[in-house]
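Right, one structure below, let's go through it.
Counting convention: from 1, in listed order, for ligands and their atoms alike.
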Amino acid sequence: MRALTFHGRHDVRVDNVPDPEIVLPRDAILKVTSTAICGSDLHLYDGYIPTMRAGDILGHEFMGEVVEVGSKSTLKKGQRVVVPFTISCGSCFFCDKQQYSACDNSNPAETSDASETLMGHAMGAAFGYAHLTGGYAGGQAEYVRVPFSDVGPIVVPDHLDDDKVLFLSDILPTGWHAAVNADIEPGDTVAVWGCGPVGLFAIQSAFKLGAHRVIAIDHYPSRLKLAKKLGADILDYREVEVLEALKELTGGIGPDAVIDCVGMESHGLAIDNLMDTAKAHLMIGTERPHALRQMIIACRKGGRVSIPGVYGGFADKFPLGQLMEKGLTVKSGQTPVQKYTKDLLKLIEDGELDTTFMISHREPLNDAAELYQKWHDEQDSYTKIVLKPGMDQKPKADLTAARQVEPA
Ligand SMILES: NC(=O)c1ccc[n+]([C@@H]2O[C@H](COP(=O)([O-])OP(=O)(O)OC[C@H]3O[C@@H](n4cnc5c(N)ncnc54)[C@H](O)[C@@H]3O)[C@@H](O)[C@H]2O)c1
Ligand SMILES: [Zn+2]
Ligand SMILES: [Zn+2]
């Protein structure tokens with residue numbers, strides 16, 4: 001089969017690789033119909049996540065048709081399913097608490113030992129995301145093996161097409177979890193840094209969960225435009241001094257909750273960010289948490305800090321005194337996707353949540369390497385790329401129609 005594989009920093013390729021097989025009784029094999037590229041894939045592409053190996057298949061946002069099942073899978077051939085990026089056993093101490101992303105059984109010992117050394121405890125597993133999280137092959141491929149297929153995948157009804165449900169695999173529950181973690185109270189003002197796919201879903205979710213006002217911060221006009229369409233007030237950090245603007249917009253008090261949808265690769269020319277960038281280039285640091293520092297300073301006293309943005313290791317110049325003296329609460333983590341999929345699917349079915357607005361590109365899997373570069377270099381025009389392996393066989397004329405995306 002063909003799959004998008006990692007070969008080093010800024011080097012991914014569509015290769016021919018062996019088809020996946022059933023290995024354990026709870027496995028299923030999917031024929032992938034849609035798979036997306038995520039902001040988290042950029043951290044891999046930029047080389048900031050350790051333990052990637054040449055040939056690893058990327059992709060943790062995918063859905064497809066069940067084509068093979070192990071003897072203990074609860075799925076049936078022919079079903080359409082969306083698969084959470086978190087691989088979880090469903091019965092350990094953490095899965096019992098619905099902390100699926102912390103599962104203690106899905107990350108094999110040989111890889112979890114390394115993550116235990118780095119993090120203090122072994123991490124849960126994820127698809128297509130380095131050997132620290134299990135080294136499982138991802139779904140940017142024609143076929144994928146889904147372990148614990150009786151726990152993760154959610155069967156979707158045929159009348160909902162892929163574009164409507166694909167994001168249940170990651171960014172929709174992630175935006176939702178980010179807003180849940182912000183402990184929003186009626187009347188709250190919530191500030192969201194980063195208007196990529198995660199930020200946009202966090203904005204949408206914050207309103208759904210009762211925020212009175214959402215202020216969205218980024219620098220890409222097209223992404224800010226989408227945030228505005230969702231009802232947010234927008235700040236372009238290249239045009240305004242963010243801390244001053246937030247004070248002004250909140251009567252001097254600051255936002256009640258702040259959400260970091262940027263992660264370890266903050267952009268911008270602030271002095272702390274330039275220092276972080278220099279360290280990252282010298283390979284003596286991974287984190288560039290400028291946005292996180294800024295949001296801790298911005299947050300009101302007694303407010304909440306929600307961090308869905310991914311970080312990999314140790315950050316310096318962290319405003320710890322400000323966090324403590326202002327009495328802020330911090331919640332973070334990889335999303336326990338399985339906790340939310342059922343409820344979010346219902347909201348999609350009822351027409352309460354739209355996920356299609358952010359798809360900017362539908363493309364064949366064969367073009368994935370070039371699309372990674374575009375997603376990295378041209379974020380203003382590439383909001384979210386969905387790869388469709390089925391488009392690879394289409395004649396040229398049909399491709400144009402399949403690519404068609406409603407203008408935002
Ligand atoms: N916790 C989870 O389970 C989970 C799941 C999915 C993604 N993520 C993480 O969420 C983050 C966002 O993902 P995405 O797909 O939206 O990524 P993305 O790269 O598309 O979006 C990030 C956005 O942040 C903006 N940004 C950069 N610097 C900024 C700054 N200083 N101030 C304000 N905005 C700034 C960028 O312009 C960009 O629009 C990533 O770190 C990703 O790894 C976490
Ligand atoms: Zn993702
Ligand atoms: Zn578990």
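Taking every heavy atom of Trp375 and a limit of under 4.0 angstrom, the matching atoms of ligand 1 come to 20 (O). Taking every non-hydrogen atom of Gln379 and a distance limit under 4.0 Å, the qualifying atoms of ligand 1 come out as 18 (P), 19 (O), 20 (O), 38 (C), 39 (O). Against a heavy-atom cut-off of under 4.0 Å, Trp193 is close to the following atoms of ligand 1: 32 (N), 33 (C). Within ligand 1, the atoms closer than 4.0 Å to a non-hydrogen atom of Arg223 are 18 (P), 20 (O), 21 (O), 38 (C), 39 (O), numbered from 1 in the order shown. When each atom of ligand 1 is checked for a heavy atom of His43 under 4.0 Å away, the hits are 40 (C), 41 (O), 42 (C), 43 (O).
Distances between N or O atoms of Gly333 and those of ligand 1 include at least one value under 3.5 Å. The N/O atoms of Ile171, backbone and side chain alike, include none that comes under 3.5 Å of an N/O atom in ligand 1.
Protein N/O/S atoms found under 2.8 Å from the Zn ion (ligand 3), listed by chain and residue number: Cys89 SG, Cys92 SG, Cys95 SG, Cys103 SG. Protein N/O/S atoms closer than 2.8 Å to the Zn ion (ligand 2): Cys38 SG, His60 NE2, Glu61 OE2, Asp170 OD2.
Scanning all protein heavy atoms for the shortest distance to atom 25 (C) of ligand 1 gives Asp218 OD2, 3.3 Å. Closest to atom 5 (C) of ligand 1 among all protein heavy atoms lies Asp170 OD1, 3.1 Å. The shortest contact between atom 4 (C) of ligand 1 and any protein heavy atom is with Thr174 CG2, 3.6 Å. Protein heavy atom in closest approach to atom 17 (O) of ligand 1: Gly39 CA, 3.4 Å. The protein heavy atom nearest to atom 44 (C) of ligand 1 is Pro308 O, 3.0 Å. Atom 13 (O) of ligand 1 has its closest protein heavy atom at Val198 CG2, 3.5 Å. Closest to atom 2 (C) of ligand 1, if we only count protein heavy atoms, is Gln334 OE1, 3.4 Å. In this structure, atom 30 (C) of ligand 1 lies nearest to the protein heavy atom Tyr237 CE2, 3.5 Å.
With hydrogens and angles left out, the side-chain atoms of Thr86 and Gln334 include no donor and acceptor closer than 3.5 Å. The closest side-chain donor-acceptor pair between Asp170 and His60 falls under 3.5 angstrom. Between the side chains of His10 and Gln373, no donor-acceptor pair of N or O atoms lies under 3.5 Å. A donor-acceptor contact closer than 3.5 angstrom links the side chains of Ser34 and Lys388.
Here Phe127 and Phe62 bring their ring centres to under 6.0 angstrom of each other. Between His219 and Tyr237, the ring center distance clears the sub-6.0 Å criterion.
Atom CG of Leu269 has 12 or fewer heavy atoms from other residues, nucleotides or ligands within 6.0 Å.
Contact annotation: for Pro197 versus ligand 1, heavy atoms closer than 4.0 Å belong to both the backbone and the side chain. Contacts between His290 and ligand 1 below 4.0 angstrom, taking non-hydrogen atoms only, involve the side chain exclusively.
In this structure, Arg145 and Leu24 approach most closely via the heavy-atom pair NH2-CD1, 3.9 Å.
The distance from atom CZ of Arg9 to atom CG of Asp46, rounded to the nearest 0.5 Å, is 6.0 Å. Put simply, CD1 on Ile37 and CD1 on Ile385 are 4.0 Å apart, with the number rounded to the nearest 0.5 Å. Taking CZ of Arg223 as the start and CG of Leu200 as the end, the distance is 7.5 Å to the nearest 0.5 Å.
Phe85 counts as a contact of ligand 1, since one of its heavy atoms falls under 4.0 Å from the ligand. Under the 4.0 angstrom criterion for non-hydrogen atoms, Ser101 is not in contact with ligand 1. Distances shorter than 4.0 angstrom do not occur between any heavy atom of Gly268 and any atom of ligand 1.
Using cut-offs of 30° and 60° for the angle between ring planes, the Tyr372 and Tyr45 rings count as tilted. Ring-plane geometry between Tyr340 and His177 is classed as tilted, the angle between the planes lying from 30 to 60 degrees on a 0 to 90 degree scale.
Within the 4.5 Å cutoff, no side-chain heavy atoms of Met295 are placed close to those of Ile307.
Exactly one residue among Leu235, Asp236, Asp380 makes a side-chain contact (heavy atoms from CB on, under 4.5 Å) with Leu224. That residue is Asp236.
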